[in-house]
Number of protein chains: 2
Amino acid sequence: MPKVGMEPIRRQQLIDATMATIDEAGLADSTIMQISRRAGVSAGIISHYFGGKDGLLEATMRHILSELGTSVARRRQAQSSSDARAHLYAIVEGNFDRSQVSQAVMKTWLAFWTTSMHKPSLQRLQRVNDRRLYSNITYQFRKHLMPEQARTAARGLAALIDGLWLRGALTPEKFDTSSAVLLACRYVDEQLDGSSTA
Amino acid sequence: MPKVGMEPIRRQQLIDATMATIDEAGLADSTIMQISRRAGVSAGIISHYFGGKDGLLEATMRHILSELGTSVARRRQAQSSSDARAHLYAIVEGNFDRSQVSQAVMKTWLAFWTTSMHKPSLQRLQRVNDRRLYSNITYQFRKHLMPEQARTAARGLAALIDGLWLRGALTPEKFDTSSAVLLACRYVDEQLDGSSTA
DNA sequence: CTTTCTTTATTGAACGATCAATCAATAAAG
DNA sequence: CTTTATTGATTGATCGTTCAATAAAGAAAG
């Protein structure tokens, strides 16, 4: 069947298969044979399109990060105003959209977080994404808070988002996204409204 | 030299070597040879004392969990009163003591979090610990809040603790423990004091 | 005291299994 | 006939486990 335009299709199939395999067996027990078998192709094709297993994992992480960035940007652009609260809400909602808050995506993300601490290439990806989230949040808080307060509020919100998300990933039960969003948005309110004491 | 009382010594040496190796190379690239070499013993001794690599990893996780439990319990017992705020502060401080908030312990913990999602034996350990933290927090909040509010506040505080801790583990910079404690304690205050709107 | 026996501690080479990567072969499409 | 796509057996390396051998330290017996 081969000839043209197979590359983007295969790449997507393999990235999806990678997340599904990590979800099922964990990154440590995910072999290229399992992944390729799930994608319906041979093992050799991975080296052909991604240069090897590492390339596939990095591409998978890029894909997840890209989807997160898109889901946040989409909600922020939907805001016509420059209201800080609305933008912070959008950021929170975007982080709990994550295209899909599926167990597969969350487990894959956590696996990459762990791996990124020892693989410079993945660490750079994670850092860039992290910095962007933090500085976006800080920028919005600065509209209503003093620089120092804004930084603290941003640290708190970022931690709250990651913590809620982490706990959603760790518990086998369905992740209650809406209550997590509500909790994080209430934190935003507390930071914006209760700033009179300092 | 052998004869008596080597077991507890070797076990501790190997657990320490495990955390140090995970800190340096990551769990995925930690072999029993590296670990045993760092502990100054042969590879075979691991199977002798822990039954195998899995046993060593489970023992290491138990050790970390035990140290966390101890550091929280110690600070709570230091409280003579039954004041909710003081106990919540103690819980927060205990979680950021973690015996040592070293990179080695944090990386090991994160590695086990990731692994526990696919290994029932580790998952049970993690769940028990998680439940205990959550119910302890909920119990304290219930002294001043309605059940539903207490649960929400507990979810928020637990997430905030985990999130701050996770971000401390992910950033290469030194983890600013005191500011993390301050931030989490301020969250406790906001939950306890600002409950008049509901 | 010293000789034998037993237990505990430890080693490290050998084994078997697993896995990522390679590459020559194949097949379809232009 | 060339290019793109794909296969899957082979290869080479790695790793966890096993196990027979060894060593030291008491214990028992003379």
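Lettering of chains follows the sequences in order, A, B, ..., and the numbering in each one begins at 1. No hydrogens, no waters, no symmetry mates; every other heavy atom, side chains included, goes into these values.
Residue order along DNA chain C, read from the 5' end via each residue's closest nucleotide, puts A:T31 first among A:A43 and A:T31. Position along DNA chain C of the nearest nucleotide to B:E7 versus B:G44 favours B:E7 as the more 5'-ward residue.
Residue A:R186 places its CZ atom among 12 or fewer non-hydrogen atoms of other residues, nucleotides or ligands, all under 6.0 Å distant. Heavy atoms of other residues, nucleotides or ligands lying less than 6.0 angstrom from CZ of B:R76 number more than 12. No more than 12 heavy-atom neighbours from other residues, nucleotides or ligands sit within 6.0 angstrom of NZ on A:K119.
For C:dT8, neither phosphate oxygen OP1 nor OP2 lies less than 4.0 angstrom from any side-chain nitrogen or oxygen of B:R10.
For residues 24-47 of chain B, the salt bridge (charged side-chain N to carboxylate O under 4.0 Å, His left out) pairs, not counting sequence neighbours, are B:E24-B:R38. Sorted by first and then second residue, the pairs that involve residues 127-137 of chain A and meet salt bridge (charged side-chain N to carboxylate O under 4.0 Å, His left out), not counting sequence neighbours, are A:R127-B:E173, A:D130-B:R167.
The CE atom of A:M6 sits 14 Å away from the P atom of C:dA28 (whole-angstrom rounding). Between B:I32 atom CD1 and C:dA13 atom P the separation is 14 Å, expressed in whole Å. The CG-P distance, from B:L56 to D:dC15, rounds to 16 Å in whole Å. If you take CD1 of A:I46 and C1' of C:dC23, they are 16 Å apart, rounded to a whole angstrom. Per the geometry, CZ belonging to B:F50 stands 16 Å off C1' belonging to D:dG16, to the nearest Å. Put simply, NE2 on A:H48 is 18 Å from P on C:dT26, counting in whole angstrom units. Between the CE atom of A:M33 and the P atom of D:dT7 there is a distance of 13 Å, given to the nearest Å. For the pair A:D29 CG and C:dA17 P, the interatomic distance rounds to 18 Å; values are reported in whole Å.
Using a 4.0 Å cut-off on heavy atoms, none of the residues of residues 109-121 of chain A approach DNA chain D.
The side chain of B:K53 sits closest to D:dT17 out of D:dT17, C:dA21, D:dT7. Taking every side-chain heavy atom of B:Y49 into account, C:dA9 is the closest of D:dT6, C:dA9, C:dA20. Comparing atom distances between the A:V41 side chain and each of C:dA20, D:dT7, D:dT6 picks out D:dT7 as nearest. Side-chain atoms of B:S42 lie closest to C:dT11 of the nucleotides D:dG16, C:dT22, C:dT11.
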Base-pair map of DNA chain C as dot-bracket, where | denotes pairing with a different strand and pairs are Watson-Crick or G-U under 3.5 Å = ||||||||||||||||||||||||||||||
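Heavy atoms of A:S30 sit under 4.0 angstrom from primed sugar atoms or phosphate atoms, though from no base atom.
With sequence neighbours left out, the salt bridge (Lys or Arg N to Asp or Glu O under 4.0 Å) criterion links A:K53 to no other residue. Considering only residues two or more places apart in sequence or on other chains, A:F141 meets the ring pair (Phe, Tyr, Trp, His ring centres under 6.0 Å) condition with none of them.
With hydrophobic clusters built from ILVMFWY side chains whose heavy atoms lie under 4.5 angstrom apart, B:L160 does not share a cluster with B:Y134.
Side-chain contact between B:M61 and B:E58: absent, with no pair of heavy atoms (C-beta onward) separated by less than 4.5 Å. Between B:T114 and A:W113 there is no side-chain heavy-atom pair separated by less than 4.5 Å.
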